[in-house]
Novice: 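One structure follows; several queries about it will come next.
The shown structure was predicted, so the numbers you read here are calculated from the model rather than taken from an experiment.
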Amino acid sequence: MSSADRLLLILHIGFAIFTLGPLTAATMASPRYIRLRQVAVLRYLNRATRIYGLLTLGIFLFGLLLADGDFAQVWLTASMTLFIVALVLLLIVERDQRKAVHALELAAAGRASAVRAPTAEPAVGEGAGAEKGAGQGAPAEEAPAGGTSETSAAQSADAQAADARVPDAQDADARVAEARATEARATDARVAEERAAGKEPAAAFEAPIAQVEQGRIAAISGVIALLWLVILFLMVWYSR
């Protein structure tokens, strides 16, 4: 073996050692941090997957140079094919990592807005109360001089009915506002308990997030690791 071939072999093995290990660790750890909703760690794993995924191309390149155009050997062709399949699967994993990061960021933003939102909303009955005040404060129109007693009685009955409806609307609005305030206080209490226990406040966001991406990353990363092992076995067995 010439000095150039020895250098290519060293680079080929060196890239395999220093890229495949971190790459496999990053892809296989991603489902766990998706489940734990650790966005910062998952973002770091996605960046590591991109960087080490690009560096694995050095393994393929130096392997091609080391083969020197001799592709008649079956194990060499099989190794190259499996390597290309592993790279395609790695692209799928990297895409799912990005989608999971986006989903977790949206969920975290919604959870933060729900926790920090004001607990009391303006009561709808304020408009009704204003109308009532305006109705009470406004001077009553005088009946026309030529009006009959029946017209005055009808107007008086309508006014009494309107005055009776306003307190009912105010009571209903007060009950709605009280129910919302009670629910908000219960949510704040749960958030405070989770924070005191050292947990991430989940509030109403307990539904699983990015379950499809989590399962797919777990399955595909296992297949990629198996392909790496098969390629390594072929290299060690047939290059002796």
Side-chain angles (χ1 to χ4, degrees), residues 15-60 82-122 179-231:
F15 268 80
I17 293 174
F18 292 105
T19 59
L20 295 184
L23 180 61
T24 303
T27 55
M28 298 192 74
S30 297
R32 177 173 180 267
Y33 289 100
I34 293 176
R35 185 173 63 254
L36 295 176
R37 302 183 182 186
Q38 297 288 337
V39 183
V41 179
L42 187 60
R43 194 182 294 114
Y44 169 78
L45 293 175
N46 177 245
R47 184 165 60 249
T49 301
R50 288 199 305 268
I51 294 174
Y52 287 104
L54 290 174
L55 291 178
T56 54
L57 295 176
I59 304 174
F60 189 78
L82 293 177
F83 195 91
I84 294 174
V85 172
L87 287 181
V88 173
L89 295 178
L90 192 61
L91 291 176
I92 299 176
V93 170
E94 195 275 335
R95 181 204 62 184
D96 287 342
Q97 286 176 333
R98 284 187 286 108
K99 292 175 64 176
V101 167
H102 182 65
L104 291 175
E105 286 176 346
L106 290 179
R111 184 166 61 248
S113 62
V115 171
R116 297 173 186 173
T119 57
E121 296 183 359
R180 290 179 177 175
T182 303
E183 183 180 357
R185 286 193 296 269
T187 301
D188 292 340
R190 289 197 302 269
V191 170
E193 290 176 358
E194 292 178 358
R195 284 177 173 169
K199 299 179 181 178
E200 181 70 16
F205 299 91
E206 294 294 343
I209 301 175
Q211 288 296 293
V212 175
E213 288 77 11
Q214 178 181 340
R216 194 158 49 201
I217 291 174
I220 295 179
S221 60
V223 174
I224 294 174
L226 181 61
L227 291 178
W228 295 143
L229 290 176
V230 172
I231 295 172

Novice: Quick one, Leu23 with Leu90, criterion side chain to side chain contact (heavy atoms under 4.5 Å, CB included). Give me CA distance, side-chain angles, the key distance, then yes/no.
Specialist: CA-CA 9 Å; Leu23 180 61; Leu90 192 61; 3.5 Å; yes
Novice: Sequence neighbours left out, what passes salt bridge (charged side-chain N to carboxylate O under 4.0 Å, His left out) with Arg50? Give chain and number order.
Specialist: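 Scan of Arg50 (salt bridge (charged side-chain N to carboxylate O under 4.0 Å, His left out), adjacent residues dropped) gives Glu94.
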Novice: Testing the basics here: between Ala29 and Tyr33, what is the closest heavy-atom pair and its distance to 0.1 Å?
Specialist: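 What the structure gives for the nearest pair is O-CD1, 3.2 Å.
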Novice: Considering all heavy atoms of both residues, which atom of Ile34 and which atom of Ile209 are nearest to each other, and what is their separation?
Specialist: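 It is CG2-O, 3.9 Å.
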Novice: Hey, what do you get for CG (Leu89) to CG (Leu82), rounding to the nearest 0.5 Å?
Specialist: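 Reported to 0.5 Å precision, the distance equals 10.5 Å.
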Novice: Specify the closest pair of heavy atoms between Ile217 and Thr27, including all atoms of both residues, with the distance to one decimal.
Specialist: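 In terms of heavy atoms, the two residues are closest at CG2-O, 3.5 Å.
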Novice: State the NE2-CG distance between His102 and Leu104, to the nearest 0.5 angstrom.
Specialist: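 Answer for the NE2-CG pair, His102 versus Leu104, is 10.5 Å.
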Novice: Can you sort out the partners of Arg47 under salt bridge (charged side-chain N to carboxylate O under 4.0 Å, His left out), two or more places apart, ordered by chain and number?
Specialist: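 Counting only residues at least two positions away or on another chain, Arg47 forms no salt bridge (charged side-chain N to carboxylate O under 4.0 Å, His left out).
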Novice: Side-chain polar contacts of residues 51-58 - donor-acceptor pairs under 3.5 angstrom, sequence neighbours left out - could you list them?
Specialist:
from, atom 1, to, atom 2, distance (Å)
Thr56, OG1, Gly53, O, 2.4

Novice: How far does CD of Glu105 sit from CG of Leu42, to the nearest 0.5 angstrom?
Specialist: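 If we round to the nearest 0.5 Å, Glu105:CD and Leu42:CG are 9.0 Å apart.
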Novice: Can you tell me how far apart CG (Leu227) and CD1 (Ile84) are? Round to the nearest 0.5 Å.
Specialist: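 Rounded to the nearest 0.5 Å, the CG-CD1 separation comes to 12.0 Å.
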Novice: How far apart are the closest heavy atoms of Asp96 and Glu213, and which atoms are they?
Specialist: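 Heavy atoms of Asp96 and Glu213 come nearest at O-CG, 3.6 Å.
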Novice: Which is it for Ile231 and Ile59 under the side chain to side chain contact (heavy atoms under 4.5 Å, CB included) test, yes or no, and what are the steps along the way?
Specialist: CA-CA 11 Å; Ile231 295 172; Ile59 304 174; over 6 Å; no
Novice: If every non-hydrogen atom of Val93 is compared with every non-hydrogen atom of Ser221, which pair is closest and at what distance?
Specialist: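 Smallest interatomic distance, heavy atoms only, reads CG2-N, 4.4 Å.
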